[in-house]
Each structure stands twice: as C-alpha cells, then as structure tokens.
Amino acid sequence: RYSPVRLLNISGNESVITIYPNPVKKGILYVNTSTNCKRVDITDVSGRMMKSVIAQGTRQVIPLHQLAKGTYVVTVITDQRKKSQKIFVE
C-alpha cells in the first residue's frame with residue numbers, strides 16, 4: 001500500500017514546487033511553483049519519456065488520462081531550479 005500523502009511540497013532557498021495529488025486518482029496532476037515554470041516532464045521508472053509539457057506561469061494542470069496505472073517520475077523545471085519527484089497514477 002502507498003502512504004496517505006495527498007500534498008507534496010518541495011522547497012528550497014529560493015523557490016517552492018508543489019505537486020499534487022499523489023496518488024493521482026482522477027487523471028489530473030497539478031503543479032504550482034513560486035517562480036515561472038518552463039517545462040514538466042513525466043517519465044516512467046525506467047526513464048522513458050511519457051509526456052513533456054512546455055509550461056509558462058506558476059500554475060500548471062497536466063492531464064494524465066492516457067497513462068497506465070503505475071509509478072512515474074515528474075520533473076519540474078523552473079527559471080531557478082529543477083526538481084524530480086515520484087508519483088503514483090491510480
């Protein structure tokens with residue numbers, strides 16, 4: 001079983017990246033950043049690119065309906081940093 005974590009905050013000295021919900025149950029992933037987001041990449045655990053979204057602004061809505069259930073890695077690239085986090089799609 002996976003933990004009941006619903007919201008994940010990843011913070012550093014200069015920026016905050018929030019990825020939610022985790023697990024993704026309704027096929028939509030939300031990414032909020034405190035600085036401009038340039039791109040959001042979704043890869044499977046073997047590193048194969050599943051989706052890449054060119055982004056602009058601080059709030060992104062990423063549809064994941066086409067992804068099979070499983071574990072993926074979300075990489076968020078902003079003006080100031082790059083951060084990767086595992087998510088689970090149900």
Side-chain angles (χ1 to χ4, degrees):
R1 255 348 258 176
Y2 291 90
S3 69
V5 173
R6 299 287 183 249
L7 180 67
L8 177 64
N9 285 319
I10 305 164
S11 60
N13 292 338
E14 62 276 336
S15 65
V16 175
I17 298 170
T18 306
I19 300 168
Y20 65 97
N22 193 15
V24 177
K25 291 184 178 183
K26 295 185 179 179
I28 300 288
L29 180 70
Y30 299 93
V31 177
N32 294 336
T33 58
S34 61
T35 58
N36 184 53
C37 184
K38 293 182 176 181
R39 193 172 80 226
V40 178
D41 293 334
I42 312 287
T43 59
D44 63 14
V45 291
S46 67
R48 185 176 55 193
M49 182 69 68
M50 304 304 289
K51 184 173 189 121
S52 184
V53 177
I54 301 300
Q56 186 174 2
T58 59
R59 295 176 185 237
Q60 311 305 318
V61 178
I62 314 293
L64 300 179
H65 297 99
Q66 76 283 7
L67 295 182
K69 293 180 182 181
T71 303
Y72 296 89
V73 177
V74 177
T75 302
V76 179
I77 300 159
T78 69
D79 287 340
Q80 294 184 349
R81 63 189 288 208
K82 172 181 169 181
K83 184 64 182 180
S84 297
Q85 180 63 45
K86 284 185 182 179
I87 62 164
F88 185 75
V89 175
E90 291 186 348

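Summarising the geometry, atom CG belonging to L67 is positioned 10.0 Å from atom CG belonging to L29; distances are rounded to the nearest 0.5 Å. Atom-to-atom distance recorded for Q80:CD and I17:CD1 is 9.5 Å, nearest 0.5 angstrom. Interatomic distance, CD1 of I28 versus CD1 of I62, reported as 9.0 Å (0.5 Å rounding). A distance of 8.5 Å separates CG in N32 from CD in Q60, rounded to the nearest 0.5 Å. Annotation: the span from N22 atom CG to K86 atom NZ amounts to 11.5 Å, rounded to 0.5 Å.
Contacts classified as salt bridge (Lys or Arg N to Asp or Glu O under 4.0 Å) and involving residues 55-78 (residues at least two apart or in different chains) are not found. Applying the ring-ring contact (aromatic ring centres under 6.0 Å, His included) test to residues at least two apart or on different chains, the pairs with a partner in residues 22-46 are Y20-Y30. Sorted by first then second residue, the ring-ring contact (aromatic ring centres under 6.0 Å, His included) pairs that include residues 58-82, not counting sequence neighbours, number zero.
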Pairs of donor and acceptor atoms involving the side chains of residues 41-50, under 3.5 Å and at least two apart or interchain, shall be tabulated with distances.
residue, atom, partner, partner atom, Å
D41, OD1, R39, NE, 3.1
D41, OD1, S52, OG, 2.6
D41, OD2, R39, NE, 3.0
D41, OD2, R39, NH2, 3.1
D44, OD1, S46, N, 3.1
D44, OD1, S46, OG, 2.8
D44, OD1, G47, N, 3.1
D44, OD1, R48, N, 2.8
D44, OD2, S46, OG, 3.4
D44, OD2, R48, NE, 3.1
D44, OD2, R48, NH2, 3.0

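Taking the side chain as every heavy atom from C-beta outward, P21 and K26 never approach each other to under 4.5 Å.
I19 is connected to L64 through a chain of hydrophobic side-chain contacts under 4.5 Å among Ile, Leu, Val, Met, Phe, Trp and Tyr, so both are in one cluster.
Checked against salt bridge (Lys or Arg N to Asp or Glu O under 4.0 Å), K38 has the following partners two or more places apart in sequence or in another chain: D79. In this structure, the side chain to side chain contact (heavy atoms under 4.5 Å, CB included) partners of T58, at least two apart in sequence or on a different chain, are T33.
Closest approach of P63 and K51 over heavy atoms only: O-NZ, 3.1 Å. The two residues T75 and S84 have their closest heavy-atom pair at OG1-OG, 2.9 Å.
Q66 CD: more than 12 foreign heavy atoms inside a 6.0 Å radius.
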